[in-house]
There are 2 protein chains.
Amino acid sequence: MRIATKDKILNTAERLFAERGFTDTSLRLITSHADVNLASVNYHFGSKKELIQAVLRRYLDAFMPLVDEAMQVHLDSAEAPNLNQVFASFAKPLLEMNRIQQHGTAMFLLLLGRGYTDEQGHLRRYITQNFGQTIDKFRQVVSRAYPELSPVDMFWRLHFTLGTVIFTMASSAALRDIAASDYGEKVNIESLIYKVLPYLCAGVGAPIGPLTLD
Amino acid sequence: MRIATKDKILNTAERLFAERGFTDTSLRLITSHADVNLASVNYHFGSKKELIQAVLRRYLDAFMPLVDEAMQVHLDSAEAPNLNQVFASFAKPLLEMNRIQQHGTAMFLLLLGRGYTDEQGHLRRYITQNFGQTIDKFRQVVSRAYPELSPVDMFWRLHFTLGTVIFTMASSAALRDIAASDYGEKVNIESLIYKVLPYLCAGVGAPIGPLTLD
DNA sequence: GTCTATACACCGATAGAC
DNA sequence: GTCTATCGGTGTATAGAC
């Protein structure tokens with residue numbers, strides 16, 4: 001059983017990434033904590049960047065089937081869902097990531113944000129290749145909920161949505177501290193998700209065209 | 001006139017950051033292009049992190065007075081503005097950044113995002129200390145436009161908004177390429193701003209409370 | 001004060017022996 | 001698969017010259 005090394009690296013890396021961020025987590029720190037040799041990271045993963053991607057893929061592999069399932073329910077339903085229902089069905093898959101791993105939801109979205117901005121299309125290609133069908137179901141469901149939205153506008157608004165979620169989660173620790181000290185409100189990831197969903201929903205469902213000033 | 005060194009570093013750094021990103025722009029690259037000594041960066045700015053902040057501050061110093069002016073107009077107006085009008089008044093200040101510098105708008109928002117996620121509160125403190133009055137005016141205007149929104153909900157929704165804009169701009173180059181190839185739509189920064197404003201506006205103006213599913 | 005040369009500790013990556 | 005040794009590169013610190 002020598003595959004253990006690869007998993008040891010993966011688990012240790014994920015824990016340290018969550019604790020210290022990506023740049024502050026060196027390969028030497030990971031390998032010393034995992035009790036493996038420094039060079040084994042490059043042997044098993046190729047590079048630090050690919051290690052980060054490997055950590056992300058474990059999440060995607062757990063997340064996407066749950067989304068697929070939720071979207072299928074909407075597609076099988078006789079009547080078209082409204083946007084509220086579509087977005088509400090993301091809460092469970094997102095929170096499920098928090099169940100399989102401590103800070104899993106924030107970690108997942110952090111990795112997603114990193115992957116989306118850093119690499120030039122690598123992550124996007126991986127997602128479309130492996131979960132293209134799920135993405136397509138999602139687009140179909142949104143289209144049923146808001147038929148007037150053109151494909152290109154949907155493209156942009158879904159990326160706005162991704163951006164909102166990713167940025168919020170990336171800075172959620174800091175923001176939650178501020179909210180707690182300035183407004184005396186303790187917010188956990190779960191309640192944050194329920195705070196952001198109405199925002200996203202309204203954004204995607206916004207009237208089409210430029211702002212009207214009256 | 002020996003202040004030239006500091007400005008040379010600042011200008012060169014900004015150009016290279018825009019061209020190659022932050023991590024791919026080493027201090028040695030900056031100083032060699034600027035034709036100054038490596039150590040002068042630390043002498044004038046203290047660290048690379050603080051150099052990035054210094055670049056950002058030049059933008060903030062240009063941006064915030066324009067926002068202040070726009071908010072003052074709303075405050076001086078006899079009747080309360082609606083959210084559309086409030087958000088529309090951000091277009092001009094944002095696009096003004098593109099006039100004073102090529103890719104200035106994207107650069108500004110990129111720096112802002114970097115500053116917000118990286119450092120723990122440094123940038124936030126700088127903004128509140130130097131532009132607290134402007135931020136306050138903005139909050140007042142939003143409050144006039146949507147009085148039912150509680151302070152803590154406004155806090156969250158404005159940060160969602162910041163996240164949307166920052167993430168979109170951070171990945172705008174890649175996203176615009178995709179939009180162009182997949183939907184044949186050429187999008188520049190200006191039209192992107194007009195695409196995102198309705199989304200933000202609807203998000204901030206979303207009904208209060210959790211999603212209602214019917 | 002401003003600038004320079006230089007050293008330091010650390011980083012990710014890799015070639016090659018085992 | 002694993003390991004050692006080493007490479008070129010990074011941000012940072014400092015002693016000392018102008």
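Residue numbering restarts at 1 for every chain, and letters A, B, ... go by the order of the sequence lines.
Residues B:Thr164 and A:Thr164 have side chains that bring a donor and an acceptor to within less than 3.5 angstrom of each other.
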How far apart are the C-alpha atoms of A:Glu19 and A:Arg15, what are their side-chain angles, what is the distance that settles it, and do they pass the salt bridge (Lys or Arg N to Asp or Glu O under 4.0 Å) test?
-> CA-CA 6 Å; A:Glu19 287 173 12; A:Arg15 181 172 58 80; 3.5 Å; yes
Just do the salt bridge (Lys or Arg N to Asp or Glu O under 4.0 Å) check on B:Arg176 and B:Glu185 with the steps written out, would you?
-> CA-CA 8 Å; B:Arg176 281 185 284 159; B:Glu185 196 187 62; over 6 Å; no
Close N or O pairs between protein and nucleotides 16-18 of chain C (under 3.5 Å):
none

Any protein N or O atoms within reach of nucleotides 10-12 of chain C? Criterion: under 3.5 Å, listing atom names and distances.
unit_1 : atom_1 : unit_2  : atom_2 : d
C:dC11 : OP1    : A:Ser26 : OG     : 3.1
C:dG12 : OP1    : A:Leu27 : N      : 3.4
C:dG12 : OP1    : A:Lys48 : NZ     : 2.9
C:dG12 : OP2    : A:Leu27 : N      : 2.8
C:dG12 : N7     : A:Arg28 : NH1    : 2.6
C:dG12 : N7     : A:Arg28 : NH2    : 3.2
C:dG12 : O6     : A:Arg28 : NH2    : 2.9

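When the nearest nucleotides of DNA chain C are assigned to B:Tyr43 and A:Ala39 by heavy-atom distance, the more 5′-ward of the two goes with B:Tyr43.
With rounding to whole Å, B:Gln53 atom CD is found 16 Å from D:dG11 atom P. One interatomic measurement links the two molecules: CD1 of A:Ile9 to P of C:dA13, which rounds to 13 Å at whole-angstrom precision. Straight-line distance from the NE2 atom of A:His44 to the C1' atom of D:dC3: 12 Å, rounded to whole Å. Distance, A:Asp35 CG to D:dT2 C1': 13 Å, rounded to whole Å. The distance from atom CG of A:Asn37 to atom P of D:dT6 is 15 Å, rounded to the nearest whole Å. Distance B:Ile30 CD1 to D:dT12 P: 11 Å, rounded to the nearest Å.
Ring geometry for A:Phe138 against A:Phe90 counts as perpendicular: the plane angle is over 60°, on a 0 to 90° scale with 30° as the lower cut. Ring geometry, B:Phe108 versus B:Phe63: the interplanar angle falls from 30° to 60°, so the pair is classed tilted.
Cation-pi contact between B:Lys6 and B:Phe45: present, with separation from the ring centre below 6.0 Å and deviation from the ring axis of at most 45°.
Aromatic ring centres of A:Phe155 and A:His159 lie closer together than 6.0 Å.
When the shell of 6.0 Å around CD of B:Gln133 is examined, it contains 12 or fewer heavy atoms from other residues, nucleotides or ligands.
The structure places CG of A:Leu56 at 10.0 Å from CG of A:Leu109, a figure rounded to the nearest 0.5 Å.
Distances shorter than 4.0 Å separate some side-chain N or O of A:Thr5 from OP1 or OP2 on D:dT2.
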